[in-house]
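Everything on this sheet refers to the single structure shown next.
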Amino acid sequence: MTDGIQKDRLEKLLAMQQAGVDAYPPRVPRGIHIGPVLREFDASIGKTVTFCGRLGQVRDFGKLRFSHLSDRSGSIQVGFERDHLPDFWPDRKRVEANDLVAITGELGRTQKGEPTLWARDVVLASKALRAAPEKWHGLQDQEQRYRQRYVDLFASEDVRKTFLLRSQIVREVRAYFDSLGYCEVETPILQPIFGGAAARPFKTHHNALDMPLYLRIAPELYLKRLIVGGLERVYELGRVFRNEGISTRHNPEFTMIESYEAWADYRDIMDRVEGLFAHLCGAVLDNRTVVTFRDKQFDLKPPFQKASYLELFKQHNSGLDWFDHTAVVQRARQLRLPIDGIAPHKLANDVFEATVEDTLQGPIFVYDYPVAISPLAKRTTADPRVTERFEFFVCGMELGNAFSELNDPIDQEQRFQQQLLHVDEEQPSEMDVDYVTALEYGMPPAGGLGIGIDRLCMLLSGSNSIRDVVLFPLLRRVEQDATVQASSAPPTPKGPQPKTAGS
RNA sequence: GGGGGCGUAGCUCAGCCGGUAGAGCAGCGGCCUUUUAAGCCGUAGGUCGCAGGUUCGAGCCCUGCCGCCCUCACCA
């Protein structure tokens, strides 16, 4: 722990403590936010205020010192004058960049017009024992940015802005569904049978019940039980977990919203998606509709493009029929896709993803997916091989998935049976019988929707990696420094070391 | 899991052909009451990711390992 602590800072701390200063006082004068004051600064000149925040680099002129003080809302210059700070002056060099302080002073401007808080009282709120990253370059090391997000956040205004934007997006997504009469619900994260998507789950165990459990890969099957129960419009915004690869678009735990609306079909849900984007552009992008993502511009103003899944498949595979297995295998071979042991419908979808997905600049709705890859969606009346389902894409990235929910219990049971023929790690090994039972009690026609909130945030904030919109992305654990372990647990001379909490 | 790149002072980065470990910022001492990447003078600071190997000699070459980034595969 003492590894990164700077000796000089520790010495300053000790010197102040010996002089009777509490470097970590229980409370300090509470201030007001800097940002609002700066926005109407001229009206505040001459007033005495208190600001609390983190101190920036000090510019020292002997009897005069300047620094900046930053809080969440903004940053203002602080002027320290010897003649106005008789009590603080002896400690001036012990309170330095990165320390947290509460400063009371008079608002004014310098000769060059810079808004400045002329300090009259400085209270140390918390002494920092580590230095902040260099002001000019900031924190460049990606790994350190993710592992020590707290540093990244205070060192970079852009990072702060991104996560404040995310907070706003989440709030406005909720507001949108709330405004349509949806109610927010919470369903189990620990599930005895996982379902609602195709993905490998995380497995865990409940001791008292001596029962294996899975962390949910989707809330879908529980939410539709609530539609059976008559809640009519529900959504859940929360974490799901998929035990799969990590990439710039995938984090093992991610946030998604799923919504279900009774008496609606997938066309209605398209309207919901467009409505949501319109709402978000208004509420979090100041009515901008064009965003820059991965060096391209995308106009999120509805209506979005629409294209049929099977048509797109044909277009990008020289007229190939999705259902012609022999031809699909041939094409897959041509594309050098893995073929062995892949179920026909999965292979055909692999070909779709390999040939079509990257071309979907969007925003675009891709609609009417084959039933074989849509086990929970209702068939179209025109073609029973196809379902009323759409996904929507921006920049080749899938943002969401929606369909007219299958409410025919007999069809649903058959499809579950069908899935059990191709059991792999991504499929539950048993049927969710209770879900079928729920459908047997009768579920109204309903339209459902799932949206990846992290990806939505990537798009709206222009972030290239999901890790830039997840505060603490999953990273491999690094072995703690030996000195840390030694100081946190007394060494035992023999026998195996008990594992410390968190290991 | 495959391919590519990276890891040097608290931070940002140099380091040639293998020959004493470098700069800027931050720190410390000094000067300065209008700076805002302040300036000037001085000073201190290193497990070169870890472990081996080759060599008279390794930050540099070789092998293994650890971690991160990009990319492909799987997925949303």
Side-chain angles (χ1 to χ4, degrees), chain A residues 3-12 56-68 75-84 93 96-98 108-116 118 128-148 151 155 196-201 217-218 240-258 335-338 342 346 349-350 353-354 357 391-393 397-401 424-426 450-456 458 464-468 473 475-479 481-482:
Chain A
D3 224 28
I5 290 185
Q6 292 187 294
K7 211 174 130 219
D8 55 283
R9 285 181 177 257
L10 203 53
E11 283 163 0
K12 287 170 199 161
Q57 214 41 251
V58 176
R59 302 178 288 275
D60 182 3
F61 286 83
K63 298 185 190 70
L64 172 70
R65 297 159 73 80
F66 289 108
S67 184
H68 267 79
S75 178
I76 190 173
Q77 174 164 274
V78 182
F80 302 87
E81 300 155 290
R82 184 191 63 179
D83 299 344
H84 283 108
K93 290 189 176 180
E96 61 194 318
N98 215 24
R109 289 186 189 271
T110 60
Q111 289 171 6
K112 294 203 175 147
E114 177 80 11
T116 300
W118 294 106
L129 296 182
R130 296 175 189 246
E134 191 193 4
K135 176 184 176 179
W136 193 242
H137 296 93
L139 191 56
Q140 294 295 316
D141 183 339
Q142 284 290 352
E143 181 176 357
Q144 202 181 345
R145 288 189 48 218
Y146 298 148
R147 287 196 195 277
Q148 298 182 283
V151 178
R200 276 155 61 185
I217 58 172
V240 297
F241 308 85
R242 300 190 180 176
N243 203 341
E244 286 168 350
I246 294 175
S247 78
T248 48
R249 288 171 296 275
H250 302 85
N251 195 55
E253 52 180 309
F254 63 101
T255 302
M256 113 179 228
I257 182 167
E258 281 198 12
L335 294 166
R336 299 178 169 202
L337 296 174
I342 312 274
K346 196 159 183 319
N349 192 48
D350 288 347
E353 287 178 0
E357 253 184 37
E391 294 194 344
F392 60 102
F393 294 83
M397 180 169 76
E398 184 188 338
L399 280 170
N401 182 19
D424 56 27
E425 284 180 304
E426 296 187 353
I451 297 175
I453 294 294
D454 313 270
R455 289 183 176 181
L456 181 66
M458 287 168 68
N464 286 330
S465 171
I466 196 169
R467 292 185 205 95
D468 292 327
L475 299 178
R476 200 178 292 275
R477 180 173 185 242
V478 289
E479 286 304 313
D481 191 78

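Values in this document were obtained by computation on a predicted structure and should not be read as measured data. Residue numbering restarts at 1 for every chain, and letters A, B, ... go by the order of the sequence lines.
Look at B/G42: its Watson-Crick or wobble partner, with both distances under 3.5 angstrom, is B/C28. The nucleotide B/G1 finds its pairing partner in B/C72, both defining distances of the Watson-Crick or G-U wobble pair being shorter than 3.5 Å. For B/U35, there is no paired base (Watson-Crick or G-U wobble, both distances below 3.5 Å). For B/C6, the paired base is B/G67 (Watson-Crick or G-U wobble, both distances below 3.5 Å). B/G19: Watson-Crick or G-U partner is B/C56, with both key distances under 3.5 Å.
When distances run from any side-chain atom of A/Q142 to the nucleotides B/U34, B/C69, B/C28, the shortest one goes to B/C69. Comparing B/U35, B/A76, B/C69 by their nearest atom to the side chain of A/I466 picks out B/A76. You'll find that the side chain of A/H137 is closest to B/U12, out of B/G27, B/A76, B/U12. Nearest to the side-chain atoms of A/R147 among the listed nucleotides B/C11, B/C68, B/A26 stands B/C68. For A/K112, the listed nucleotide lying nearest its side chain is B/U36; candidates were B/U33, B/U36, B/C74. Listed candidates were B/A76, B/U36, B/G30. Nearest to the side chain of A/R242 is B/A76. Here the side chain of A/Q140 is nearest to one of B/U12, B/C28, B/U71, namely B/U12. For A/L139, the listed nucleotide lying nearest its side chain is B/C11; candidates were B/C69, B/C11, B/U34.
Using a 4.0 Å cut-off, no side-chain N or O of A/S465 falls inside it from OP1 or OP2 of B/C69. OP1 or OP2 of B/U71 has not a single side-chain nitrogen or oxygen of A/R249 nearer than 4.0 Å. Using a 4.0 Å cut-off, some side-chain N or O of A/R59 falls inside it from OP1 or OP2 of B/A38. The side chain of A/R65 contributes no N or O atom lying less than 4.0 Å from OP1 or OP2 of B/U35. Residue A/K63 has no polar side-chain atom (N or O) positioned under 4.0 Å from OP1 or OP2 of B/U34. Checking the phosphate oxygens (OP1, OP2) of B/G27, a side-chain nitrogen or oxygen of A/Q57 falls inside 4.0 Å.
A/S67 comes within 4.0 angstrom of no nucleic acid atom, judged by non-hydrogen atoms across all strands. Residue contacts for A/N401: at a heavy-atom cut-off of 4.0 Å it reaches no nucleic acid atom on any strand shown. Backbone-only contact: A/L475 has heavy atoms under 4.0 Å from sugar-phosphate atoms and none from a base. Using a 4.0 Å heavy-atom distance criterion, A/N251 is classed as a base contact. Contacts of A/D454 with the nucleic acid, taken as non-hydrogen atoms under 4.0 Å apart, are absent. Across all strands, A/R467 comes closer than 4.0 Å only to sugar-phosphate atoms, never to a base (heavy-atom distances). Among the heavy atoms of the strands lying under 4.0 Å from A/E114 is at least one base atom, whether or not backbone atoms are also near.
Considering every non-hydrogen atom in both A/A218 and A/R242, the closest pair reads CB-NH2, 4.1 Å. Taking each heavy atom of A/W118 and A/L64 in turn, the nearest pair found is CZ3-CD1, 4.0 Å. Shortest non-hydrogen contact noted between A/E114 and A/T116 is O-OG1, 2.8 Å.
Using atom C1' as the reference point in both B/G18 and B/C74, the two lie 45 Å apart (nearest Å). Nucleotides B/U20 and B/C60, compared at atom C1', are 16 Å apart to the nearest Å. For the P atoms, the distance from B/U8 to B/U71 is 23 Å, rounded to whole Å. Nucleotides B/A44 and B/G29 are separated by 10 Å at their C1' atoms, to the nearest Å. Between B/G22 and B/G59, the distance separating the two C1' atoms is 12 Å to the nearest Å. Look at the C1' atom in both B/G49 and B/G7: the space between them is 6 Å, to the nearest Å. B/U55 and B/C25 have their C1' atoms separated by 38 Å, given to the nearest Å. Spacing of P atoms, B/G24 relative to B/U35, comes out at 24 Å, to the nearest Å.
Stacking between A/F61 and the base of B/C32 is absent under the criterion of ring centres within 5.5 Å and planes under 30 degrees.
Computed from coordinates, the A/K12 NZ to B/G10 C1' distance equals 12 Å when rounded to whole Å. As a whole-Å value, the separation of A/E96 CD from B/G27 P is 7 Å. Rounded to whole Å, the distance from NE2 on A/H68 to C1' on B/A26 is 18 Å. The separation between A/D350 atom CG and B/C74 atom P is 6 Å, rounded to whole Å. Atom CD of A/E11 and atom P of B/C28 are 10 Å apart (whole Å). Summarising the geometry, the separation between CH2 on A/W118 and P on B/U36 is reported as 14 Å, rounded to the nearest angstrom. The distance between atom CG of A/L399 and atom C1' of B/A76, rounded to the nearest whole Å, is 9 Å. Atom CD1 of A/I246 and atom P of B/G1 are 11 Å apart (whole Å).
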Taking N or O atoms only and anything under 3.5 Å, show me the protein contacts with nucleotides 2-6 of chain B, one pair per line.
none

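In this structure the side chain of A/P133 reaches within 4.5 angstrom of the side chain of A/V151, judged on heavy atoms. The shortest distance between side-chain heavy atoms of A/I246 and A/R467 falls below 4.5 Å. No side-chain heavy atom of A/T248 sits under 4.5 Å from any side-chain heavy atom of A/M458.
Comparing A/A97 and A/E134 along RNA chain B, the residue whose closest nucleotide (by nearest heavy atom) sits nearer the 5' end is A/E134. Positionally, the nearest nucleotide of RNA chain B for A/Q111 lies more toward the 5' end than for the other of A/Y146 and A/Q111.
Listed for the A/S67 side chain is a donor-acceptor partner under 3.5 Å among the backbone atoms of A/G56. Without hydrogens or angle criteria, A/D454 side chain to A/T255 main chain gives a donor-acceptor distance under 3.5 Å. Using modelled atom types, one side-chain atom of A/S247 and one backbone atom of A/R249 make a donor-acceptor pair closer than 3.5 Å. The backbone N or O of A/R200 sits less than 3.5 Å from a side-chain atom of A/E244, completing a donor-acceptor pair.
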Query raised in the report: Going through the checks in order, is the side-chain contact (heavy atoms from CB on, under 4.5 Å) test met by A/R9 and A/E96?
Result: CA-CA 9 Å; A/R9 285 181 177 257; A/E96 61 194 318; 3.4 Å; yes
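Taking A/R82 as the reference, nothing meets the salt bridge (charged side-chain N to carboxylate O under 4.0 Å, His left out) condition, with sequence neighbours excluded.
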